[in-house]
Amino acid sequence: MSAQLALTIAGMQRSVQQGTTGTDLFGEDRTIVAMTVDGQLQDLFREVPGGAVVEPVAIDSVDGLNVLRHSAAHVLAQAVQEVNPQAKLGIGPPITDGFYYDFDVEQPFAPEDLKALEKAMQKIINEGQTFDRRAVTDDAARDELASEPYKLELIGLKSNASEAAEGAEAEVGDGGLTIYDNVHKDGTRAWGDLCRGPHLPSTKLIGNAFKLLRSGGAYWRGSEKNPQLQRIYGTAWPSKTDLKAYLDRLAEAEKRDHRKLGRELDLYSFPDEIGSGLVVFHPKGGVIKREMEDYVRRRHIEEGFDYVGTPHISKAGLFHTSGHLPYYADTMFPPMELEGAEYRLKAMNCPMHNLIFSSRGRSYRELPLRFFEFGSVYRYEKSGVVHGLTRVRGMTQDDSHSYVTAEQAPDEIKHLLSFVLSLLRDFGLDDFYLELSTRETEGDKAAKFIGSNEQWEEATSILERAARETGLDLVDDPGGAAFYGPKISVQAKDAIGRTWQLSTIQYDFNQPERFGLEYQAADGSRKQPVMIHSAKFGSIERFIGVLVEHYAGAFPAWLSPVQVLGVPVAEEYADYLWDVLKQLKGNGVRVELDDSDDRFPKKIRNASKSKVPFVLIAGEDDRAGGAVSFRYRDGSQKNGIPIAQAAAEILSAITERRQV
RNA sequence: GCCGGUGUGGCGCAAUUGGUAGCGCACCUGUCUUGUAAACAGGGGGUUGUCGGUUCGAGUCCGAUCACCGGCUCCA
């Protein structure tokens, strides 16, 4: 007679027979794919122990999705080894919205290969293979996986799997090793992989709600010193509908791609003749850039910044003084010789601002002293990373440096933080979290950070306190600091939920010393100021790219290259409409009249495609009534609006920076 | 920088086994122009990213290079 066990199941006290499995408890509900036993994620087929707290894991929960995607990754690996038995396995964890698996293969995967692999996966899935769990000793695992060199390496590293490689904890954990066998319906073994599990009860649950998305090289264990494997990315969802929704989301992101929209809306381009990563703004993009810069410059001045200007090039010695050159020589443009001196394109503005500070004696009465400019900097970004406006080789930083006394530093940081947040809100971004980047204290990278422990601790705690006071979420980013000090960065979410790192605020105790900056204190002594770096948008180019994607090219009126487009119903009404537009133009509104010889419907089509915020239409009814008609971007309309009222609506939308 | 893919008129695409480049939009001209996403007709425009090679012949094959796309690494 098997004994009864007392358990807590899904919050209820229950008594079950010894030997009861998760499948016995939850198996009838097809949406339950795993369970937690005392908080530990486990396969359903495992027996539940007495006294345990057992909870079902639904396929659409965070854990459930991970199980689904991890199982899909296994099926992918099985398919790859079916097609190519020589393929060696790397790791294959679930990730946000999907999974990947790394393989060492002779021939990298081509796009056509993915289709074939999808088919092979579908076959495995349809067959309804089950995942069997088998505990193995390290030695047994080594024997069994003798032909899998990467798995062997992981076995050796398992005591700290998370450090072995990102995602490696999906394969091995702190405890004993397990191998999961994929088993055919007839009980024979199809395939197996070193894995922690848990997995789905059956491959069938993956259904047809999965897709392989792309492939590419990926360094083993994330280091470029290691060999490069071939990674395949895929996605898997509880239902075909969920998959479709995800693919639609990807399509939506593609439609917003700032490279594509920039071309379509004639905003900017990247001429080959100039070089990779170097952008030119066309007149329409120029309007956006100028509006942004004008506004941001004005706001800085209102907030107590002094607008300064510095050249694009300098003798290399300056960047030695600042300490940048030893660290960043290979990401700066190479030197040029001139009159026996070595010059460098500027990669950062701070050294030049420091020279403005030290151009004369400074008094404590002047502090905080804030220098701001749109500084053009050039960075030799590696060829594979240049990307539209978001990663360029020539860019404009909206860069400022505050020179303050040590006592003023906390308030200055708070001031900067609330200032950058208010600026971002003015541009229509309002969903933020903060990141606190600190130095690495161990490992290879620890050496790059300079300064004493005390300096780092003090600077970090000042930043952290200011960050906490905003009430925003604060995420730690160990090792993410610049070599000279910690930073807060503002991460903003765009209209479709993607986050972008925008503003940064950095506390620098290093450069003031290197430049010998000082001010005279009230008591007559000379003191060293603290320097606080801050970029509001990071780079103007990049921020424009972010805004294009955030707004999908449909900018709020104040930023729109053309704010009002007049479309006469027929040629006869062009003059009347132009009179209306002239009045707006007199008020500083950017207007255009479509006086082309297109027919009316074509003009409406063109107007829609141009994403102009206000389309004003005039025909007989409007002219007779001294009115105009609005057509908005969503296709809705308002007819017969008196001219004065129309002008007021347009002007208020612009001055209030409202989206329409 | 590394791995893979791609490069055809301004844009989006086509060109059978290598046989001397087509289409749509845009552009120009003309006839048109009356209420919300494409009027009609005609016309101009590309030595197929660049350089080199194979071949009687290259947009199609090979090599180099530049650029872009995806992925990795990096990102003061």
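The sequence lines fix the lettering, A, B, ..., with proteins before strands; numbering per chain opens at 1.
- Residue A/Ser383 places no side-chain atom within donor-acceptor reach of the base of B/A67, judged by atom type and a 3.5 Å distance cut-off alone.
- Nearest-nucleotide assignment on RNA chain B puts the 5′-proximal partner with A/Ile604, out of A/Ile604 and A/Thr504.
- When the nucleotides B/A38, B/U73, B/A76 are ranked by their closest atom to the side chain of A/Pro601, B/A38 comes out on top.
- Between the C1' atom of B/C75 and the CZ atom of A/Arg542 lies a distance of 10 Å, rounded to the nearest Å.
- With hydrogens and angles ignored, a donor-acceptor pair closer than 3.5 Å exists between the side chain of A/Arg391 and the base of B/C75.
- Ion pair A/Lys638/A/Glu649 flagged as a salt bridge, since at least one NZ, NE, NH1 or NH2 atom sits closer than 4.0 Å to an Asp/Glu carboxylate oxygen.
- Across B/G4 and B/U8, the matching C1' atoms stand 22 Å from one another, rounded to whole Å.
- Nucleic acid contact class of A/Ser608 (heavy atoms, under 4.0 Å, all strands): base.
- Between A/His387 and B/C75, a side-chain N or O to OP1/OP2 separation shorter than 4.0 Å is absent.
- Spacing between B/A38 and B/G12 at atom C1', rounded to whole Å, works out to 16 Å.
- With both ends at atom P, the span from B/G22 to B/U16 equals 13 Å, rounded to whole Å.
- Rounded to whole Å, the P atom of B/A58 lies 31 Å from the corresponding atom of B/G43.
- Rounded to a whole Å, the CH2 atom of A/Trp220 is 17 Å from the C1' atom of B/C3.
- Counting heavy atoms of neighbouring residues, nucleotides and ligands inside a 6.0 Å radius, atom CD of A/Glu513 does not exceed 12 of them.
- As the counterpart of B/G70, B/C3 is assigned, both hydrogen-bonding distances of the Watson-Crick or G-U wobble pattern falling under 3.5 Å.
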| Which letters describe nucleotides 29-35 of chain B, given B = protein heavy atom under 4.0 Å from base, S = only from sugar-phosphate, - = neither? | ---BBBB
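- Taking 3.5 Å as the limit, the base of B/C75 and the side chain of A/Glu381 contain no donor-acceptor pair of atoms between them.
- Note on A/Ser223: nothing from the nucleic acid sits closer than 4.0 angstrom, heavy atoms only.
- Nucleotide B/A21 has no partner under the Watson-Crick or G-U criteria, as no pair reaches both atom distances under 3.5 Å.
- The partner of B/G42 is B/C28, judged by Watson-Crick or G-U wobble contacts that both fall below 3.5 Å.
- With a 6.0 Å radius and a threshold of 12 heavy atoms from other residues, nucleotides or ligands, A/Lys315 has its NZ atom at or below the threshold.
- For the P atoms, the distance linking B/G42 with B/G24 amounts to 11 Å, nearest Å.
- Ring stacking holds between A/Tyr328 and B/A76, with the centres under 5.5 Å apart and the planes within 30 degrees of each other.
- As a whole-Å value, the separation of A/Asp272 CG from B/U48 C1' is 15 Å.
- Protein atom CZ of A/Arg605 is 5 Å distant from nucleotide atom C1' of B/A38, rounded to whole Å.
- The pair A/Arg391-A/Glu381 meets the salt-bridge criterion, since a charged nitrogen lies less than 4.0 angstrom from a carboxylate oxygen.
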| request: Kindly determine whether A/Leu416 and A/Ser402 satisfy side chain to side chain contact (heavy atoms under 4.5 Å, CB included), including the steps that lead there. | output: CA-CA 9 Å; A/Leu416 285 167; A/Ser402 301; 4.1 Å; yes
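- When only modelled atom types and interatomic distance are considered, A/Asp330 and A/Tyr380 share no side-chain donor-acceptor pair under 3.5 Å.
- The residue A/Arg231 sits close only to the backbone: its heavy atoms come under 4.0 Å of sugar-phosphate atoms, none of a base.
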List the atom pairs, donor and acceptor, that lie under 3.5 Å between side-chain atoms in residues 105-112 of chain A and the rest of the protein, sequence neighbours left out.
none

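- Between A/Tyr233 and B/C72, a side-chain N or O to OP1/OP2 separation shorter than 4.0 Å is present.
- Closest to the A/Val385 side chain, of the nucleotides B/A38, B/A76, B/U73, is B/U73.
- Nucleic acid contact class of A/Ala347 (heavy atoms, under 4.0 Å, all strands): base.
- More than 12 heavy-atom neighbours from other residues, nucleotides or ligands sit within 6.0 angstrom of NZ on A/Lys611.
- Nucleotide B/A64 has B/U50 as its partner under the Watson-Crick or G-U criteria, with both atom distances under 3.5 Å.
- Put simply, CD on A/Gln228 is 13 Å from P on B/G5, counting in whole angstrom units.
- B/G24 atom C1' lies 11 Å from atom NZ of A/Lys609, rounded to whole Å.
- Two rings, from A/Phe483 and A/Tyr328, have their centers less than 6.0 Å apart.
- Between the side chains of A/Gln397 and A/Asn349, at least one donor N or O lies within less than 3.5 Å of an accepting N or O.
- Atom-to-atom, CG of A/Leu250 to P of B/G71 comes out at 11 Å; the value is rounded to the nearest Å.
- Two rings, from A/His533 and A/Tyr484, have their centers less than 6.0 Å apart.
- The gap from the C1' atom of B/C69 to that of B/C62 amounts to 24 Å, rounded to the nearest Å.
- Contacts of A/Phe270 with the nucleic acid, taken as non-hydrogen atoms under 4.0 Å apart, are absent.
- Across B/G63 and B/U73, the matching C1' atoms stand 28 Å from one another, rounded to whole Å.
- In a base pair of the Watson-Crick type (N1 to N3 plus N6-O4 or O6-N4) or a G-U wobble (N1-O2 and O6-N3), with each distance short of 3.5 Å, B/A14 is matched with no nucleotide.
- We find that A/Arg249 and A/Glu252 are not joined by a salt bridge, their nearest charged nitrogen and carboxylate oxygen being 4.0 Å or further apart.
- Rounded to the nearest Å, the gap between the C1' atom of B/G46 and that of B/C40 is 27 Å.
- Rounded to a whole Å, the CD atom of A/Gln506 is 13 Å from the P atom of B/C75.
- Along RNA chain B, the nucleotide closest to A/Gly480 and the one closest to A/Ser215 are compared, and the more 5′ of them pairs with A/Ser215.
- Heavy atoms of A/Phe630 sit nowhere under 4.0 angstrom from any nucleic acid atom.
- Under 4.0 angstrom from either OP1 or OP2 of B/C68 there lies at least one side-chain N or O belonging to A/Ser276.
- A heavy atom lying under 4.0 Å from RNA chain B marks the following residues of residues 252-268 of chain A, by number: A/Arg259, A/Arg263.
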| field | A/Tyr101 vs A/Phe99, ring-ring contact (aromatic ring centres under 6.0 Å, His included): CA-CA, chis, key distance, verdict | value | CA-CA 7 Å; A/Tyr101 212 113; A/Phe99 60 89; 8.9 Å; no
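- Phosphate contact (OP1/OP2 of B/C74, side-chain N/O of A/Lys225, threshold under 4.0 Å): absent.
- For B/G1, the base has a donor-acceptor partner in the side chain of A/Tyr219 [N/O atoms by modelled type, under 3.5 angstrom].
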